[in-house]
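Positions are given from 1, in the same order as the sequence printed here. Keep in mind that what you see is a predicted model, and the values were worked out from it rather than measured.
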Amino acid sequence: MTDEKHSERGERIAKWLARSGVASRRDIERMIGEHRIKLNGKTVDHPATFVTDTDVVMVNGKVVEGPERTRLWRYHKPDGLVTTHRDPEGRPTVFDSLPEDMPRVISVGRLDINSEGLLLLTNDGALARRLELPTNGWLRRYRVRVFGVVDERRLADLAKGCVIEGVRYGSIEASLDSRKGDNAWLTVSLREGKNREVRRVMAALNLHVSRLLRTSYGPFQLGELQPGELEEVQARVIRSHIPRDAEGERGRKTR
C-alpha cells in the first residue's frame with residue numbers, strides 16, 4: 001500500500017487508540033469485543049476498523065482526542081503502589097499519585113506493589129508495547145536486599161538459566177555486593193522480566209526478598225530521582241535510544 005492510500009484509509013483503530021494512550025492494543029481489542037468503542041456514533045465490532053483525522057472515536061461514552069506527540073517519563077515508583085489504573089481492592093495506584101496536569105499515560109511493564117524504583121511511563125501505547133518486547137534485549141537492573149544465606153556459586157549458576165515450578169527463566173546475572181549477618185544486598189540483572197521473576201528465583205535459592213529496587217531499564221536510569229519524583233525524557237534522548245523500526249511503528253513524531 002502506498003503512503004497516499006494508507007493516508008486515505010487511515011489507521012487501524014486499535015493502533016490509533018494505543019497511540020492515544022488509552023490502553024495496549026490487546027486491551028483495546030478486548031474492549032472492542034465488549035462493545036465499549038464507537039466510531040462516528042456506531043459501535044465498533046472488528047479490530048480491522050480504520051480511523052482518519054476526521055473521525056470521532058468514543059471509548060466508554062467519552063470522545064478520545066487524537067494521538068499527541070510521543071512523550072516518555074522516568075518515574076521513581078515508591079513501595080505500596082500498584083501499577084494499574086484501577087485496583088479492585090481499592091489500593092492506591094501509581095496513576096493516582098501523578099500530578100494533576102499529567103496527560104493519560106500507561107506504564108512500560110510493571111513493578112509489583114512491594115517493588116520500588118524506575119518505572120517508565122508514556123502517552124503512547126504502541127511505544128509501551130514495543131519497549132516491553134524481550135526481543136529488545138534490554139537489561140533491567142535491580143538492587144535486591146535478601147534475608148538468608150547467600151551461596152555465591154548458586155548465584156553464578158543463574159547465568160545459565162533455570163526452571164522453577166515449571167517456568168523457564170533465562171540468563172540472570174546476580175552478584176553479592178555486601179553482607180551483614182543474615183542480610184545481604186545483591187545486584188541482579190535480567191532481560192526478560194517475567195512476573196515476579198526476581199522474587200521467585202531468589203525464593204528458589206532459599207532467600208527472602210525484603211526490598212527490591214529497579215535502577216535501570218535498558219538505557220534509562222533511575223539516577224537521582226527520589227520516591228514519587230517524575231522527570232520527562234527529552235525527545236532527542238528518546239530518538240537516540242529507540243530503534244528506527246519502533247519509531248516507524250509509533251507513526252508520529254517526537255519533537
Side-chain angles (χ1 to χ4, degrees), residues 72-84 91-94 97-98 107-121 131-233 237 240-241:
L72 184 71
W73 288 263
R74 294 183 304 119
Y75 172 69
H76 187 154
K77 177 194 172 298
D79 180 18
L81 299 181
V82 294
T83 315
T84 57
R91 295 171 297 182
T93 75
V94 163
S97 73
L98 299 178
S107 63
V108 178
R110 294 186 178 185
L111 286 173
D112 65 47
I113 188 170
N114 296 318
S115 298
E116 312 164 54
L118 180 64
L119 185 67
L120 298 178
L121 304 173
L131 298 188
E132 290 169 356
L133 293 176
T135 52
N136 287 325
W138 277 4
L139 200 68
R140 300 114 190 259
R141 183 170 285 111
Y142 301 82
R143 288 270 290 157
V144 185
R145 186 174 66 195
V146 296
F147 177 82
V149 179
V150 176
D151 184 330
E152 293 189 68
R153 186 181 62 181
R154 295 185 71 187
L155 283 184
D157 285 344
L158 294 176
K160 303 173 185 176
C162 59
V163 178
I164 298 172
E165 297 181 350
V167 178
R168 175 74 186 181
Y169 296 99
S171 176
I172 297 173
E173 301 169 19
S175 60
L176 175 65
D177 296 332
S178 63
R179 178 163 37 200
K180 186 175 182 180
D182 289 330
N183 289 287
W185 278 100
L186 312 177
T187 293
V188 177
S189 303
L190 49 89
R191 298 184 187 277
E192 288 185 302
K194 292 179 179 176
N195 185 38
R196 298 181 67 82
E197 179 169 346
V198 174
R199 295 180 187 276
R200 288 173 176 169
V201 170
M202 291 299 115
L205 301 183
N206 297 317
L207 298 173
H208 171 72
V209 174
S210 57
R211 190 176 180 193
L212 192 152
L213 176 76
R214 184 156 67 193
T215 57
S216 68
Y217 189 105
F220 302 100
Q221 307 292 319
L222 178 64
E224 299 299 321
L225 284 180
Q226 297 302 304
E229 286 188 346
L230 183 78
E231 184 173 281
E232 185 167 1
V233 178
V237 176
S240 69
H241 289 308

Using atom types as modelled and distance alone, determine if a side-chain donor or acceptor of [X] lies under 3.5 Å from a backbone N or O of [Y].
{"X": "Q226", "Y": "E224", "answer": "yes"}
{"X": "R143", "Y": "L213", "answer": "no"}
{"X": "S216", "Y": "Q221", "answer": "no"}
{"X": "K194", "Y": "G170", "answer": "no"}

I'd like to check [X] versus [Y] (side-chain heavy atoms, cut-off strictly below 4.5 Å). Are they in contact?
{"X": "L186", "Y": "M202", "result": "yes"}
{"X": "L190", "Y": "Y169", "result": "no"}
{"X": "L205", "Y": "D151", "result": "no"}
{"X": "L212", "Y": "D112", "result": "no"}
{"X": "N195", "Y": "R200", "result": "yes"}
{"X": "W185", "Y": "R211", "result": "yes"}
{"X": "R214", "Y": "L222", "result": "no"}
{"X": "L121", "Y": "L98", "result": "yes"}

### Query
Just wondering, more than 12 heavy atoms not from R141 lying within 6.0 Å of its CZ?
no

### Task
Give a yes or no on this: more than 12 heavy atoms of other residues, nucleotides or ligands lie within 6.0 Å of atom CZ of R199.
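Yes, the 6.0 Å shell around CZ holds more than 12 heavy atoms from other groups.
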
### Test side chain to side chain contact (heavy atoms under 4.5 Å, CB included) applied to N206 and V149, step by step
CA-CA 8 Å; N206 297 317; V149 179; over 6 Å; no

Using 0.5 Å steps for rounding, measure from the [atom1] atom of [X] to the [atom2] atom of [Y].
{"X": "S175", "Y": "L158", "atom1": "OG", "atom2": "CG", "result": "11.0 Å"}
{"X": "T93", "Y": "I113", "atom1": "OG1", "atom2": "CD1", "result": "10.5 Å"}
{"X": "S107", "Y": "L131", "atom1": "OG", "atom2": "CG", "result": "11.5 Å"}
{"X": "Y142", "Y": "T187", "atom1": "OH", "atom2": "OG1", "result": "13.0 Å"}
{"X": "R140", "Y": "E197", "atom1": "CZ", "atom2": "CD", "result": "9.0 Å"}
{"X": "F220", "Y": "L118", "atom1": "CZ", "atom2": "CG", "result": "9.0 Å"}

Minimum-distance pair of heavy atoms, taken over all atoms of [X] and [Y]:
{"X": "G161", "Y": "R168", "result": "CA-NH2, 4.1 Å"}
{"X": "L225", "Y": "Y75", "result": "CD1-N, 4.2 Å"}
{"X": "K77", "Y": "S115", "result": "NZ-O, 2.7 Å"}
{"X": "G117", "Y": "L111", "result": "O-CD1, 3.8 Å"}
{"X": "G109", "Y": "T83", "result": "O-CG2, 4.2 Å"}
{"X": "S97", "Y": "L81", "result": "OG-CD1, 3.8 Å"}

### Query
What residue among T84, L119, V82, V94 forms side-chain contact (heavy atoms from CB on, under 4.5 Å) with R110?
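The single option meeting the side-chain contact (heavy atoms from CB on, under 4.5 Å) with R110 is T84.
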
### Task
Could you check V146 against H208 for side chain to side chain contact (heavy atoms under 4.5 Å, CB included), going step by step and ending with a plain yes or no?
CA-CA 5 Å; V146 296; H208 171 72; over 6 Å; no

